[in-house]
Amino acid sequence: MISQLSIFAENSKGAMLRVSKIISDAGIDIYNVVTNDSAEFGIVRMLVTDPERAEELLKSEGYMCKLDKVIGVEIPDDVGSLTKLLDIIQNSNINIDYLYVSYSRDSKTPLAVMKVVGYAEVEQFLHSKGYKTVV
C-alpha cells in the first residue's frame, strides 16, 4: 500500500503554488498530483517521497490534510489495460472508492492508484490475477 496525502485547499489563484512550495522547500519530491475541485475548496491528492513530513508541514501551515492508504497496480502501457483491470475487479467483490492513473518511476509503466476497502484482500486478489502492486 502507498501513503497518499490528501489536502483540502481553497479553490483560488495560487493555491497549488502555495501547497507545492511548502512541500518542495522541505526537499520533498512530488511525483503525482490529482485535483478535484468544487466551487470553494478542492481535494488535492498527492504521492510524495515523504508523506508523513509533508502532512506535518502542511498542517503547521493551517491546511487540513490526512494520509490515506491506496493501492498502486502496475498496468501495461497498452490500449485497454485499464479496462481489463476494471473488468477483473467488476467480477469480484471489490468496490473502488476512487481511482486515477499515474506513472511508476520504478517500473516505467502506468500505475492505477485505487482507494478500496480491504486492502490486504484486494492486493491478494490482484496478485492472483497476475498484477503487481506497488508499496
Side-chain angles (χ1 to χ4, degrees):
M1 287 180 285
I2 302 169
S3 289
Q4 171 191 263
L5 181 61
S6 295
I7 307 143
F8 299 92
E10 187 177 352
N11 191 2
S12 63
K13 182 177 180 178
M16 281 301 305
L17 172 61
R18 288 187 292 278
V19 168
S20 179
K21 186 164 177 40
I22 291 166
I23 293 170
S24 64
D25 282 354
I28 299 169
D29 192 12
I30 300 168
Y31 57 92
N32 178 277
V33 176
V34 175
T35 61
N36 299 307
D37 70 336
S38 65
E40 295 178 18
F41 286 89
I43 300 174
V44 180
R45 293 186 171 104
M46 291 185 171
L47 302 180
V48 299
T49 54
D50 190 345
E52 291 81 10
R53 177 134 165 73
E55 178 190 32
E56 176 186 311
L57 290 167
L58 288 164
K59 282 184 174 180
S60 74
E61 292 292 328
Y63 287 91
M64 189 167 68
C65 51
K66 67 177 186 160
L67 291 178
D68 291 305
K69 296 296 182 191
V70 294
I71 293 179
V73 184
E74 291 182 0
I75 57 176
D77 192 4
D78 299 321
V79 173
S81 293
L82 179 60
T83 303
K84 181 180 176 186
L85 172 65
L86 294 173
D87 187 47
I88 288 169
I89 290 172
Q90 175 68 25
N91 293 319
S92 72
N93 233 4
I94 299 168
N95 183 51
I96 300 172
D97 291 339
Y98 61 79
L99 166 127
Y100 57 90
V101 177
S102 182
Y103 186 76
S104 171
R105 288 179 174 179
D106 295 331
S107 65
K108 301 191 180 355
T109 61
L111 187 68
V113 179
M114 301 184 293
K115 174 109 163 86
V116 297
V117 175
Y119 292 97
E121 296 84 6
V122 171
E123 192 169 39
Q124 184 178 12
F125 172 77
L126 292 169
H127 288 173
S128 76
K129 299 297 182 184
Y131 286 95
K132 181 179 176 189
T133 55
V134 177
V135 291

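Distance check: Gln90 CD to Asp87 CG gives 7.5 Å after rounding to the nearest 0.5 Å. Tyr119 contributes atom OH, which lies 10.5 Å from atom CD1 of Ile2 (distance to the nearest 0.5 angstrom). In this structure, CG in Asp97 is found 11.0 Å from CE in Met114, a value given to the nearest 0.5 Å.
Inter-residue side-chain proximity for Leu86 and Ile96 is flagged as met; some heavy-atom pair is nearer than 4.5 Å. Lys129 has its side chain within reach of Phe125: a pair of non-hydrogen atoms, C-beta onward, lies under 4.5 Å apart. Put simply, the side chain of Val117 does not reach to within 4.5 Å of the side chain of Asn95, judged on heavy atoms. For the pair Leu57/Ile23, no side-chain contact is recorded, criterion being any heavy-atom separation below 4.5 Å from C-beta on. Taking the side chain as every heavy atom from C-beta outward, Tyr103 and Lys108 approach each other to under 4.5 Å. When side chains are defined from C-beta on, Arg45 does not count as touching Ser102, because their heavy atoms never get closer than 4.5 Å. At least one side-chain heavy atom of Asp68 sits under 4.5 Å from a side-chain heavy atom of Tyr98. Looking at Val113 and Asn32, their side chains never come closer than 4.5 Å, going by heavy atoms from C-beta outward.
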Side chain to side chain contact (heavy atoms under 4.5 Å, CB included) assessment of Val122 paired with Thr133: CA-CA 10 Å; Val122 171; Thr133 55; over 6 Å; no

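With hydrogens and angles ignored, the 3.5 Å screen pairs no side-chain donor or acceptor of Ser20 with any backbone N or O of Met16. Of the possible donor and acceptor atoms, none in the side chain of Tyr63 sits under 3.5 Å from a partner among the backbone N and O of Phe8. When atom types are taken as modelled, the side chain of Tyr31 and the backbone of Arg105 share no donor-acceptor pair closer than 3.5 angstrom. Of the possible donor and acceptor atoms, none in the side chain of Ser81 sits under 3.5 Å from a partner among the backbone N and O of Ile75. Counting only distance, with no hydrogens or angles, the side chain of Thr109 and the backbone of Glu74 share no donor-acceptor pair below 3.5 Å.
Each of Glu55, Glu56, Glu61 was evaluated against Lys59; a single residue qualifies, Glu55, per the salt bridge (charged side-chain N to carboxylate O under 4.0 Å, His left out) test.
The salt bridge (charged side-chain N to carboxylate O under 4.0 Å, His left out) check on Asp106 picks up nothing, with sequence neighbours excluded.
In this structure, Asn91 places its CG atom where more than 12 heavy-atom neighbours from other residues, nucleotides or ligands lie under 6.0 Å away.
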